[in-house]
Amino acid sequence: MSQTSATTRRIVRTVAHRKLDWSADVWKAAPIVQNVSQFRSWVATAEAQAEKYKAAPGPIDFASAKKAVRDKELVEFMETFYKSAKLPAETYEWDKDDKEFKLAHFEQVKEQAAVYAELKEDTLKEIEFLKSTRTSADTTIHELMCNNPTIHEEIEDELERREWFKDVGIGAGK
């Protein structure tokens with residue numbers, strides 16, 4: 001979690017001064033988001049098709065077809081064929097292995113979506129924190145130390161070890 005938190009902080013530092021557009025393409029770059037979108041559109045289509053075809057079809061009106069078509073014999077042939085043919089209804093059974101695979105994949109997608117939602121929430125919190133602790137010309141050293149305790153500890157340790165110039169290559173530590 002600390003690595004995620006550090007990554008989140010780095011991301012937020014670079015974009016804290018901007019207003020984030022969560023619908024931007026950068027947030028849609030993860031392949032899982034595309035899979036979820038495809039799955040949602042498939043589910044919507046499947047539900048619409050199921051609703052459309054849940055009832056048996058009504059009888060065909062051959063009388064109106066005979067009036068509208070010049071070739072009456074063709075319509076009569078189709079009518080006799082329709083009345084004599086007793087075709088079984090076509091049904092589809094979802095393969096058990098495929099169903100288990102898809103359901104497992106769907107659970108994985110839900111878990112990853114929860115992780116992304118948590119990351120988004122953490123990012124928003126980090127943005128608010130960075131905005132509230134923004135350094136300006138009026139910021140005091142005390143406020144800076146309170147807002148950044150790890151930097152404060154590092155500076156105090158360097159002072160105690162007399163490593164004042166360790167980051168610039170001049171001190172005794174190099």
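The structure presented is a predicted model; accordingly, all values stated were derived computationally and were not measured. Only heavy atoms go into these numbers, but all of them, side chains included; no hydrogens, no water, no symmetry mates.
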Q | Tyr82 and Ile60, any side-chain heavy atoms less than 4.5 Å apart | A | yes

Q: Decide, yes or no, whether a salt bridge links Glu121 with Lys125 under the criterion of side-chain N to carboxylate O below 4.0 Å.
A: yes

Q) Does the side chain of Leu144 come within less than 4.5 Å of Asn148's, by heavy atoms? A) yes

**Q.** Residues, nucleotides or ligands: over 12 heavy atoms within 6.0 Å of Glu73 CD
**A.** no

**Q.** Reported NE2-to-CD1 distance for the pair His152 and Ile141, which is rounded to 0.5 angstrom
**A.** 11.0 Å

Q: For Glu51 and Ala48, indicate whether the former's side chain and the latter's backbone hold a donor-acceptor pair under 3.5 Å.
A: no

(Q) Quick check on Phe129: does its CZ atom have over 12 non-hydrogen neighbours (other residues, nucleotides or ligands) under 6.0 Å away? (A) yes

(Q) For the backbone of Lys72 and the side chain of Lys66, can you confirm whether one donor and one acceptor N or O come within less than 3.5 Å of each other? (A) no

Q) Got a sec: does the CE of Met78 have more than 12 other heavy atoms crowding it under 6.0 Å? A) no

Q) Would you say the side chain of Glu76 lies within less than 4.5 Å of the side chain of Phe62, judging by non-hydrogen atoms? A) no

**Q.** Separation between NZ of Lys99 and CG of Asp97, rounded to the nearest 0.5 Å
**A.** 12.0 Å

Q: Hey, could you give me the CD/OG1 distance between Glu128 and Thr133, rounded to the nearest 0.5 Å?
A: 10.5 Å

Q. How about Met145 and His142: do any of their side-chain heavy atoms sit closer than 4.5 Å?
A. no

Q) Is it true that Glu158 and Arg161 have a side-chain N and a carboxylate O under 4.0 angstrom from each other? A) no

Q. With side chains defined as the heavy atoms from C-beta onward, is the minimum distance between Thr140 and Glu143 less than 4.5 Å?
A. yes

Q: Look at the side-chain heavy atoms of Ile, Leu, Val, Met, Phe, Trp and Tyr, link any pair under 4.5 Å apart, and say whether Val109 and Trp42 land in one connected group.
A: no

